[in-house]
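Everything numeric here is computed off the predicted structure, so don't read it as measured data.
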Amino acid sequence: MNENYEITFTSKLDATEQPALFMKASGDEPRPLVVALHTWSADLTQSWEPFRSRCEQRNWHCIYPLFRGPNWNRKACGSDLVVSDIESAVEYVKSIANVDEKRIYLIGGSGGGHASLLMAGRAPQIWAAVSAWCPISDITRWHAECKTRGLNYYEHIESACDGDPQTSTSAAAQAKRRSPVTYLASAAGKTIVDIGTGIHDGHKGSVPVGHALRAFNLLADEADRISEKEIDFIEKNEAIPEAIAYKGEEDIAYGPYKVLLRRTSKLARITVFEGGHDQLPGPGFGFLEQQVKGKEPIWDSGIAYDAEKAKLGK
């Protein structure tokens with residue numbers, strides 16, 4: 001039987017004890033590990049069931065770290081402490097459980113998608129694969145977008161970065177350091193990254209789809225990138241230009257969240273689907289479970305539709 005814990009582990013950067021939820025797989029043989037991440041304004045009170053339950057079904061280890069909590073805290077929001085916490089969470093599980101080191105996975109949506117892409121960029125050597133949903137990839141850009149739309153996330157960013165990154169040089173440097181786009185190009189081809197976003201996000205949701213598309217571009221060969229003109233069209237019209245629209249077979253793992261755009265390049269895949277600010281843990285796990293570190297990616301989202309979606313609030 002799987003064991004559930006409220007645990008603490010030591011973060012290597014500042015030697016503090018950091019809380020997490022942890023479920024250990026049963027048995028003594030090496031088992032995969034999933035690091036699952038909460039959203040932008042959340043903490044460990046946000047349900048981890050969409051992740052925990054799927055790990056339990058597969059008899060995988062699962063850890064759900066706080067990584068310094070809501071992102072208006074300067075210690076949170078993609079800080080060096082966040083990176084340390086997530087790396088240290090992996091090391092903690094490896095110290096107390098038998099982990100298959102070729103099958104260590106990372107998954108998160110919204111703010112968790114931001115942290116997932118950040119870790120793909122800053123520590124690609126850890127992960128067999130990363131699944132990032134409706135992620136924030138550029139803190140400075142998102143600050144401007146939220147301020148224009150009157151979304152209070154821009155205030156969160158100013159709190160975390162000690163100022164407005166549009167007007168303060170030091171805050172701009174903070175925002176850059178906390179942004180996945182700063183690191184992803186150097187991580188291209190070093191770990192498998194699957195990015196998904198709903199076509200209506202940024203309209204019926206807080207994160208415009210360009211964040212996901214530009215993250216993919218940094219991981220992709222130049223010939224495979226989505227142009228800024230195409231990104232602008234997608235964001236404005238909540239539609240995919242016909243020339244790049246998905247014309248492949250139906251992805252049954254996505255169910256009613258119809259795939260509208262899909263592209264793969266190197267070790268990265270982007271999917272834009274019929275939805276909003278949504279994380280789909282079913283195809284997320286369906287994809288992750290097929291990936292093994294050091295092997296070519298398997299571009300498949302699973303064999304059946306898994307109906308539940310994770311709640312991605314503020």
Side-chain angles (χ1 to χ4, degrees), residues 34 36 50-51 53-55 57-58 105-110 112-113 116-117 128-135 192-205 207-217 219-221 223-227 230-231 233-292 295-312:
V34 165
F51 312 115
S53 61
R54 287 171 175 82
C55 286
Q57 291 165 8
R58 294 166 171 82
Y105 306 119
L106 182 63
I107 186 169
S110 190
S116 293
L117 287 183
V130 175
S131 179
W133 295 84
C134 45
I192 299 166
V193 181
D194 191 33
I195 305 170
T197 189
I199 186 71
H200 305 296
D201 205 355
H203 296 268
K204 301 173 183 176
V207 184
V209 298
H211 283 265
L213 297 170
R214 293 183 183 95
F216 169 78
N217 282 349
L219 295 165
D221 284 323
D224 298 324
R225 295 170 186 168
I226 296 103
S227 72
E230 290 164 336
I231 292 172
F233 179 93
I234 293 167
E235 289 192 333
K236 286 183 177 178
N237 297 284
E238 300 177 71
I240 305 297
E242 179 61 27
I244 62 171
Y246 180 68
K247 298 178 176 67
E249 295 182 3
E250 177 185 3
D251 189 333
I252 60 173
Y254 275 70
Y257 301 91
K258 182 181 177 182
V259 173
L260 304 176
L261 181 154
R262 175 166 282 165
R263 190 169 290 184
T264 61
S265 184
K266 292 184 177 176
L267 299 184
R269 180 174 77 164
I270 180 69
T271 302
V272 180
F273 56 88
E274 180 57 47
H277 193 61
D278 297 315
Q279 175 173 328
L280 309 181
F285 272 75
F287 176 82
L288 290 176
E289 68 184 344
Q290 300 179 77
Q291 314 309 323
V292 178
K295 294 190 176 182
E296 288 297 307
I298 297 174
W299 300 119
D300 190 289
S301 309
I303 61 173
Y305 174 53
D306 183 343
E308 185 182 16
K309 70 178 182 180
K311 182 178 180 183
L312 293 180

Which heavy atom of Gly198 sits nearest a heavy atom of Val209, and at what distance?
O-CG1, 3.0 Å

Looking at Arg262 and Asp251, does any basic side-chain N land under 4.0 Å from a carboxylate oxygen?
yes

Which atom pair, heavy atoms only, marks the closest approach of Ala132 to Gly113?
CB-O, 3.9 Å

Do you know which two heavy atoms are closest between Ala215 and Leu117, and how far apart they sit?
CB-CD1, 3.7 Å

Minimal non-hydrogen separation, Leu219 against Ala268, with atom names
CB-CB, 3.6 Å

Distance, nearest 0.5 Å, that separates NE2 of His211 from OG1 of Thr197
10.0 Å

So CD of Glu238 and CD1 of Ile199: to nearest 0.5 Å the spacing works out to 7.5 Å

Separation between CZ of Arg54 and CD1 of Ile107, rounded to the nearest 0.5 Å:
8.5 Å

Thinking salt bridges, do Glu230 and Arg225 make one under a 4.0 Å N-O criterion?
no

Asn237 side chain vs Ala239 backbone, donor-acceptor pair below 3.5 Å:
no

Looking at CD of Gln290 and CG of Leu288, how far apart are the two atoms once the value is rounded to the nearest 0.5 Å?
9.5 Å

Val272 vs Tyr246 side-chain heavy atoms within contact, under 4.5 Å
no

Give the C-alpha distance, both sets of side-chain angles, the deciding distance and a yes or no for side-chain contact (heavy atoms from CB on, under 4.5 Å) between Ile234 and Leu213.
CA-CA 10 Å; Ile234 293 167; Leu213 297 170; 3.9 Å; yes

Do Pro208 and Asp201 have side chains that approach each other closer than 4.5 Å (heavy atoms only, starting at C-beta)?
no

Any donor-acceptor pair under 3.5 Å linking the side-chain atoms of Ser131 with those of Arg269?
no

Working to the nearest 0.5 Å, report the span between NZ of Lys295 and CD1 of Ile192.
11.0 Å

Pair His200, His277 - check side-chain contact (heavy atoms from CB on, under 4.5 Å), show working.
CA-CA 7 Å; His200 305 296; His277 193 61; over 6 Å; no

Hydrogens and angles aside, do Glu235 and His203 bring a side-chain donor and acceptor to less than 3.5 Å of each other?
no

Would you check if Tyr257 and Leu280 make a side-chain contact, meaning some heavy-atom pair closer than 4.5 Å?
yes

Matching residue for Phe216 among Thr264, Asp194, Ile270 - test: side chain to side chain contact (heavy atoms under 4.5 Å, CB included):
Ile270

Measuring from atom CD1 of Ile240 to atom CD of Glu274, what distance do you get when rounded to the nearest 0.5 angstrom?
10.0 Å

When you compare the side chain of Val193 with that of Leu267, does any pair of heavy atoms fall below 4.5 Å?
no

Salt bridge (Lys or Arg N to Asp or Glu O under 4.0 Å) for Lys266 and Asp221? Distances and angles first, verdict last.
CA-CA 7 Å; Lys266 292 184 177 176; Asp221 284 323; 3.7 Å; yes

Between Phe285 and Val34, the two heavy atoms sitting closest are CE2-CG2, 4.0 Å

Trp299 vs Phe287 aromatic rings, parallel, tilted or perpendicular, using cut-offs 30° and 60°?
parallel

Might you point out which heavy atoms bring Pro283 and Tyr254 nearest each other, and give the distance in Å?
CB-CE1, 3.7 Å

